[in-house]
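Hydrogens, waters and symmetry mates are skipped; everything else that's a heavy atom, side chains included, is used.
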Amino acid sequence: MAIEKNAKVVVDSLFSEELKNGTVVYKTVDISTPEGERIADKYEVTWSSLYINKWKDGVETRENMTDFGFGNARKNPDGFKKGVADKIRQFMK
């Protein structure tokens, strides 16, 4: 829950304009639903995960930040937020 909460804070506070114009999309996926199950299969996940993805010219680049998230979201929330923001900024270049 800390991963989702802190990632949402980062996106809402630092990327609000990008959210509005569609440059950044934040999505929570419930893998117990049929749509969520399809996404989970695509990403080969079976439980809580954190991915930051970039699409350019129809090509997806994924960064699996699950380990980083579980290691930092609760015990080091500021470091977690910085890491998420840095990865989003890197992908926006």
Side-chain angles (χ1 to χ4, degrees):
M1 290 192 293
I3 293 171
E4 182 177 354
K5 175 187 163 202
N6 287 320
K8 183 83 169 122
V9 166
V10 168
V11 173
D12 287 344
S13 63
L14 299 178
F15 301 98
S16 61
E17 285 302 313
E18 292 83 356
L19 277 172
K20 287 178 189 171
N21 69 27
T23 304
V24 170
V25 176
Y26 178 87
K27 186 172 187 177
T28 300
V29 176
D30 178 352
I31 64 171
S32 69
T33 66
E35 178 188 1
E37 189 175 326
R38 285 190 296 278
I39 294 169
D41 288 346
K42 177 181 176 182
Y43 288 84
E44 299 178 354
V45 299
T46 57
W47 68 314
S48 298
S49 301
L50 174 64
Y51 280 82
I52 297 178
N53 302 7
K54 172 184 179 178
W55 284 268
K56 183 172 183 178
D57 301 325
V59 177
E60 178 184 19
T61 303
R62 308 181 183 158
E63 184 72 28
N64 182 347
M65 296 188 67
T66 304
D67 289 340
F68 172 79
F70 277 102
N72 290 282
R74 282 186 350 164
K75 296 179 183 178
N76 181 15
D78 290 337
F80 172 80
K81 291 173 187 174
K82 181 183 181 319
V84 169
D86 288 350
K87 181 54 68 176
I88 292 170
R89 286 187 187 104
Q90 176 189 348
F91 275 7
M92 289 177 61
K93 290 181 182 177

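Electrostatic pairing of R38 and D41 does not count as a salt bridge here, judged by no charged N lying under 4.0 Å from a carboxylate O. Between E44 and R62 there is no salt bridge, since no side-chain nitrogen of the basic residue lies less than 4.0 Å from a carboxylate oxygen of the acidic one.
Counting heavy-atom neighbours within 6.0 Å of D67 CG, excluding the residue itself, gives a total of 12 or less. Within a 6.0 Å sphere centred on CH2 of W55, heavy atoms belonging to other residues, nucleotides or ligands number more than 12. More than 12 non-hydrogen atoms from other residues, nucleotides or ligands lie less than 6.0 angstrom from NZ of K42.
For the residue pair K54 and K93, the shortest heavy atom distance occurs at NZ-O, 3.4 Å. Here the closest non-hydrogen pair linking S16 and D12 is CB-O, 3.3 Å.
Using a 4.5 Å heavy-atom threshold, the side chains of Y26 and E4 count as touching.
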Handout entry: Audit row: K81, L14, side chain to side chain contact (heavy atoms under 4.5 Å, CB included) steps and yes/no
Key = CA-CA 10 Å; K81 291 173 187 174; L14 299 178; over 6 Å; no

Practice task
Check the pair V45, N64 against side chain to side chain contact (heavy atoms under 4.5 Å, CB included), reporting the backbone distance first and the verdict last.
Solution key: CA-CA 10 Å; V45 299; N64 182 347; 5.9 Å; no

Practice task
Assess whether side chain to side chain contact (heavy atoms under 4.5 Å, CB included) is satisfied between E63 and F91, documenting all intermediate values.
Solution key: CA-CA 10 Å; E63 184 72 28; F91 275 7; 3.9 Å; yes

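The salt bridge (Lys or Arg N to Asp or Glu O under 4.0 Å) search around K20 returns E17, not counting sequence neighbours. Under the rule for a ring pair (Phe, Tyr, Trp, His ring centres under 6.0 Å), the partners of Y43 that lie at least two apart in sequence or sit in another chain are Y51.
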